[in-house]
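Encoded as structure tokens, the structure appears first; notes follow it.
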2 protein chains.
Amino acid sequence: MQQIVALVGGTGAEGSGLALRFAKAGLRVLIGSRNLEKAQAAAREIAAQTGNGEVTGHANPDAVSQAAIVILTVPLSAQVETLKSIRTHFKSGAILVDATVPLEIAIGGRVSRTVSLWDGSAAQQAARLAPPGVSVVAAFHLLGAEALKQLDRPVDCDALICGDNSDSKTAVSSLAKMIPGVRAIDAGPLENARYLENSAALLIALNLRYKVNHSGLRITGLGLGEVSP
Amino acid sequence: MQQIVALVGGTGAEGSGLALRFAKAGLRVLIGSRNLEKAQAAAREIAAQTGNGEVTGHANPDAVSQAAIVILTVPLSAQVETLKSIRTHFKSGAILVDATVPLEIAIGGRVSRTVSLWDGSAAQQAARLAPPGVSVVAAFHLLGAEALKQLDRPVDCDALICGDNSDSKTAVSSLAKMIPGVRAIDAGPLENARYLENSAALLIALNLRYKVNHSGLRITGLGLGEVSP
């Protein structure tokens with residue numbers, strides 16, 4: 001059976017970048033947005049770019065209700081509100097992937113800084129707000145939107161993945177590895193998500209400093225073998 | 001004139017690993033310790049391994065008083081006390097490189113977790129305790145002791161460097177680049193040191209999870225060219 005992935009906040013840069021890559025990999029991709037028309041327009045665009053006819057646009061709750069894996073790619077300022085709007089719509093046994101980076105810009109600050117959250121990380125905040133039975137995994141923070149959008153190029157970055165459920169992490173790892181160039185690395189329990197969130201902000205800081213738009217991160221020395229784009 | 005580098009806490013794993021590499025690169029290296037005899041023994045060992053006769057052991061304050069660049073490699077639990085013991089001994093215009101990783105083990109916790117410090121990072125804590133006129137740079141957190149000790153192999157890791165003074169960062173970058181395999185990356189102001197400190201803890205977590213002892217980190221997409229070991 002074909003895997004169904006929903007991108008909540010799928011019209012944003014990060015969400016549409018991931019959607020593009022998963023559509024290219026042949027998955028059925030549901031683009032979720034608060035605005036149905038924007039979601040549908042983004043879906044048409046992605047379908048046209050990838051030749052994948054099974055990309056459709058939906059209101060966020062509708063997208064969530066159909067997907068085995070739901071990926072949340074919204075700004076921190078929208079994370080809590082969005083989770084509250086979708087929490088009763090998950091399929092039983094669904095996986096929620098949180099990719100929220102708690103950037104200081106949410107409170108008018110800088111994109112190269114993070115704020116500390118009471119729960120320890122944005123992913124743990126998502127876990128607190130997720131419905132029972134939905135397993136939360138933190139992933140995809142490091143894969144920059146600009147790199148994701150260059151469909152003809154592999155992404156020169158590892159996907160670090162945190163979560164408390166091994167099966168869920170394995171499922172998200174499989175998803176990550178569908179993106180050419182990306183290796184999936186198990187970075188431990190969900191509480192380690194703060195490392196991923198902070199590393200994403202570090203990459204943003206490096207983008208600004210080096211005047212580039214898609215720095216990435218590779219972990220060496222894990223014995224995972226060469227990167228094969 | 002030959003550059004003189006002091007390692008405060010130079011008998012520890014990280015300090016002696018860095019000392020080994022800098023001695024191999026031909027620098028004059030001062031091994032500092034609270035215990036003079038341990039410092040002298042470590043210095044003899046490093047001199048023998050590298051064939052560099054200009055490696056000597058000292059009490060920490062004595063090492064600091066002679067060096068243009070002082071690198072602090074002590075556990076978090078010893079950082080404040082050590083800084084207080086050396087603060088009146090710096091040469092005018094010296095650079096203090098802080099490599100402290102604020103691991104939770106300092107309060108009986110885990111090596112894969114960090115604690116949050118009032119100053120924002122261990123490096124900013126060091127800056128608060130440093131004497132006037134001494135410029136503080138955060139660096140070397142990511143270069144694992146085990147990788148540093150394998151003198152016949154390049155280190156497959158970038159050195160991320162934070163600081164508020166450009167000249168000091170340039171000096172520390174030059175030092176980092178003396179280690180084969182290492183690229184120096186400017187990671188912004190000193191306040192960004194928290195990213196480096198947390199990334200070091202992430203690498204420790206990955207070492208434990210993947211049962212390796214020298215994971216490292218590379219930044220991609222900065223246009224710095226290939227790594228030439």
Side-chain angles (χ1 to χ4, degrees), chain A residues 104 110 112-114 116-117 120-121 142-144 146-147 150 153-158 160-162 166 169 181-183 185-189 191-224 227 229, chain B residues 104 110 112-114 116-117 120-121 142-144 146-147 150 153-158 160-162 166 169 181-183 185-189 191-224 227 229:
Chain A
E104 198 192 61
R110 297 190 189 164
S112 57
R113 287 172 158 193
T114 56
S116 297
L117 300 175
S121 63
L142 304 176
L143 308 179
E146 291 300 321
Q150 296 177 35
R153 301 182 65 168
V155 175
D156 193 4
C157 189
D158 289 334
L160 273 65
I161 297 171
C162 293
S166 290
K169 277 199 279 195
V182 172
R183 300 184 311 174
I185 292 177
D186 182 350
E191 63 174 25
N192 283 8
R194 69 197 74 190
Y195 292 138
L196 281 48
E197 296 168 7
N198 278 296
S199 295
L202 169 62
L203 292 181
I204 292 171
L206 291 172
N207 281 346
L208 294 171
R209 185 157 289 267
Y210 283 84
K211 299 181 173 47
V212 298
N213 58 21
H214 55 277
S215 65
L217 186 153
R218 293 286 192 191
I219 303 294
T220 64
L222 297 183
L224 297 178
V227 177
Chain B
E104 198 192 62
R110 298 189 190 165
S112 56
R113 287 173 159 191
T114 56
S116 297
L117 300 176
S121 64
L142 304 176
L143 308 180
E146 291 300 322
Q150 296 177 34
R153 301 181 65 169
V155 175
D156 193 4
C157 189
D158 289 333
L160 274 65
I161 297 170
C162 294
S166 290
K169 278 200 279 195
V182 172
R183 300 184 310 175
I185 293 177
D186 181 350
E191 62 173 26
N192 283 7
R194 69 197 74 189
Y195 292 138
L196 281 47
E197 296 168 6
N198 277 297
S199 295
L202 169 61
L203 293 181
I204 292 172
L206 291 172
N207 281 347
L208 294 171
R209 185 157 289 266
Y210 283 84
K211 298 181 173 47
V212 298
N213 58 21
H214 56 278
S215 65
L217 186 154
R218 292 287 192 191
I219 303 294
T220 64
L222 298 183
L224 297 179
V227 178

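Letters A, B, ... are given to chains in the order of the sequence lines, protein chains preceding strands, and every chain is numbered from 1. A quick note: this is a predicted structure, and the numbers were derived from the prediction, not measured.
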Q: Please look at Ser116(A) and chain B and tell me whether the side chain, the backbone, both or neither of the residue comes under 4.5 angstrom of a heavy atom of that chain.
A: neither

(Q) Counting heavy-atom pairs under 4.5 Å with chain A, which one of Gly144(B), Ala205(B), Ala201(B), Cys157(B) comes out on top? (A) Ala201(B)

Q. Relative to chain B, which segment of Leu160(A) carries a heavy atom at a distance below 4.5 Å: side chain, backbone, both, or neither?
A. side chain

Q. With side chains defined as the heavy atoms from C-beta onward, is the minimum distance between Leu217(B) and Arg218(A) less than 4.5 Å?
A. no

(Q) If you compare all heavy atoms of Arg209(B) against all heavy atoms of Pro189(A), which two are closest, and at what distance to 0.1 Å? (A) NH2-CD, 3.8 Å

Q: For Arg113(B), enumerate each residue passing the salt bridge (Lys or Arg N to Asp or Glu O under 4.0 Å) test, keeping only those at least two apart in sequence or located in another chain.
A: Glu191(A), Glu104(B)

**Q.** Ile219(B) and Leu203(A), any side-chain heavy atoms less than 4.5 Å apart
**A.** yes

Q: Could you tell me whether the side chain of Tyr195(A) and the main chain of Tyr195(B) form a donor-acceptor pair under 3.5 Å?
A: no

Q. What is the minimum heavy-atom distance between Thr220(B) and Asp156(A), and which atoms define it?
A. OG1-O, 2.6 Å

Q: Would you mind telling me which of Asn207(B), Leu206(B), Leu208(B) has the largest number of heavy-atom pairs within less than 4.5 Å of chain A?
A: Leu206(B)

Q: Specify which of Val212(B), Asp186(B), Ile185(B) makes the most heavy-atom pairs with chain A at under 4.5 Å.
A: Asp186(B)

(Q) When you compare the side chain of Asn198(A) with that of Leu202(B), does any pair of heavy atoms fall below 4.5 Å? (A) no

Q: Could you look at Ala187(A) and say if it's the side chain, the backbone, both or neither that has a heavy atom under 4.5 Å from chain B?
A: both

Q) What part of Ala147(A) is in contact with chain B, defined as an atom under 4.5 angstrom from a non-hydrogen atom: side chain, backbone, both or neither? A) neither

Q. Considering all heavy atoms of both residues, which atom of Ser215(B) and which atom of Leu222(A) are nearest to each other, and what is their separation?
A. CB-CD2, 3.6 Å

